[in-house]
There are 2 protein chains.
Amino acid sequence: MANPSKAEQLFCPTETALGIIGGKWKGMILWCLCQGTMRFGQLHRTIPGITQRMLTKQLRDLEEYDIITRKVYPQVPPKVEYALSAHGQTLKPILANLEAWSKDYLEQKIGRNDAG
Amino acid sequence: MANPSKAEQLFCPTETALGIIGGKWKGMILWCLCQGTMRFGQLHRTIPGITQRMLTKQLRDLEEYDIITRKVYPQVPPKVEYALSAHGQTLKPILANLEAWSKDYLEQKIGRNDAG
DNA sequence: CAGAATCCGAGAGGATACTG
DNA sequence: CAGTATCCTCTCGGATTCTG
């Protein structure tokens, strides 16, 4: 038994953010939308390897979180535009940080070359 | 066919970072280690719900990425200490950002109360 | 105490075909 | 064009047992 003291029971707030931008595609999608509004097909072409099913799913998730907006143009052929919402905009600096960190990390990894 | 132009073939650098801090437990583990060096059992008690297997696995991953260090004290009973590496230290501001963003996000979500 | 080994289910993600 | 609908694989993560 001996369950931990309440002082040790920390709750990690990063989980919320990681739950939203985590997964295999969300980061990439958001990163694309940081560049501006994009249509479905445009996202599909821009993100290598993603399937329609996955793209749709992830977009729906992000929409549910109020991170992106979905604008449907009632016309034929259909046209749907995705963009960052007000909430989503606040993610921009986060994503920029992740980007910068990643680049730095990769550089260090390549530059070192002393580990097997 | 009509494969996308090279200009549309963006590569998203956030994937590196998200690949490292993503998953169900890594964020929490790193967040714990941001507070300082911790022993295995201490992490285990501090992170509610994680199993030894998962904790071990995630720690090994992070070690492989050079994000944390693992120090074994050759004694009985065993003692192993985990801490952020130099690389890991550079993640601190990132995690702090994620934390701040999450809190802000949750506040907005609760404060609005206008969506069904 | 800090793990390794084994078995297992759920769900994330993928391939393909179809549609208004 | 922007999705649905199925079906399938495969990894993530969980439960449990054992050990130096």
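Here is the naming used below: chain letters follow the sequence lines, and residue numbers restart at 1 for every chain. Please read these numbers as outputs of a predicted model, since none were measured by experiment.
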Completion exercise
Note: contacts of residues 67-76 of chain B with DNA chain C (heavy atom, under 4.0 Å) are B:Arg70
[X] [atom1] to [N] [atom2], straight-line distance once rounded to whole Å:
X: A:Asp61; N: D:dG3; atom1: CG; atom2: P; value: 14 Å
X: A:Ile29; N: D:dA2; atom1: CD1; atom2: C1'; value: 14 Å
X: A:Leu43; N: D:dG3; atom1: CG; atom2: P; value: 10 Å
X: B:Leu18; N: D:dC12; atom1: CG; atom2: P; value: 15 Å
X: A:Arg60; N: D:dG3; atom1: CZ; atom2: C1'; value: 7 Å

Practice task
Output every pair passing salt bridge (charged side-chain N to carboxylate O under 4.0 Å, His left out) with a member in residues 14-34 of chain B, not counting sequence neighbours, ordered by first then second residue.
Solution key: B:Lys26-B:Asp61
Practice task
Give every residue pair that meets the salt bridge (charged side-chain N to carboxylate O under 4.0 Å, His left out) criterion with at least one member in residues 47-57 of chain B, sequence neighbours excluded.
Solution key: none
Fill in the blank from the handout: A correct 5'-to-3' footprint of nucleotides 13-20 of chain D, with B, S and - meaning base, sugar-phosphate only and no protein heavy atom under 4.0 Å, is BBB----B
Completion exercise
Partner of A:Leu98 under side chain to side chain contact (heavy atoms under 4.5 Å, CB included), picked from B:Thr16, B:Asn97, B:Ile20, B:Ile94, is B:Ile94
Exercise for the section: Please report the closest heavy-atom contact between A:Ser85 and A:Asp66, naming both atoms and the distance. Expected result: OG-O, 2.5 Å
Set of residues satisfying side-chain contact (heavy atoms from CB on, under 4.5 Å) with respect to [X], sequence neighbours excluded:
X: A:Val72; result: A:Arg70, A:Val80
X: A:Gln75; result: A:Tyr73, A:Lys79
X: A:Ala83; result: A:Thr37, A:Thr69

Practice task
With a 4.0 angstrom cut-off to heavy atoms of chain B, pull out the first and last contacting nucleotide of DNA chain C, in 5'-to-3' order.
Solution key: C:dC1 to C:dT6
Handout entry: Gap separating the CD1 atom of A:Ile68 from the CD atom of A:Gln58, nearest 0.5 angstrom
Key = 10.0 Å
Handout entry: Approximate separation, where rounding is to 0.5 Å, of A:Leu59 CG and A:Gln52 CD
Key = 12.0 Å
Exercise for the section: Measure the angle between the two terminal helix axes of the helix from C:dC1-D:dG20 to C:dG20-D:dC1, five base pairs each, and quote it to 10°. Expected result: 50°
Problem - Partners meeting ring pair (Phe, Tyr, Trp, His ring centres under 6.0 Å) with B:Tyr105 (sequence neighbours left out) - result: A:His87, B:Trp101
Handout entry: N/O donor-acceptor pair under 3.5 Å between A:Gln89 side chain and A:Ala86 backbone
Key = no
Exercise for the section: Could you tell me which residues satisfy side chain to side chain donor-acceptor pair (under 3.5 Å) with A:Glu99, sequence neighbours excluded, listed by chain and number? Expected result: A:Trp31
Problem - Test side chain to side chain donor-acceptor pair (under 3.5 Å) applied to B:Thr56 - qualifying residues, sequence neighbours left out - result: none
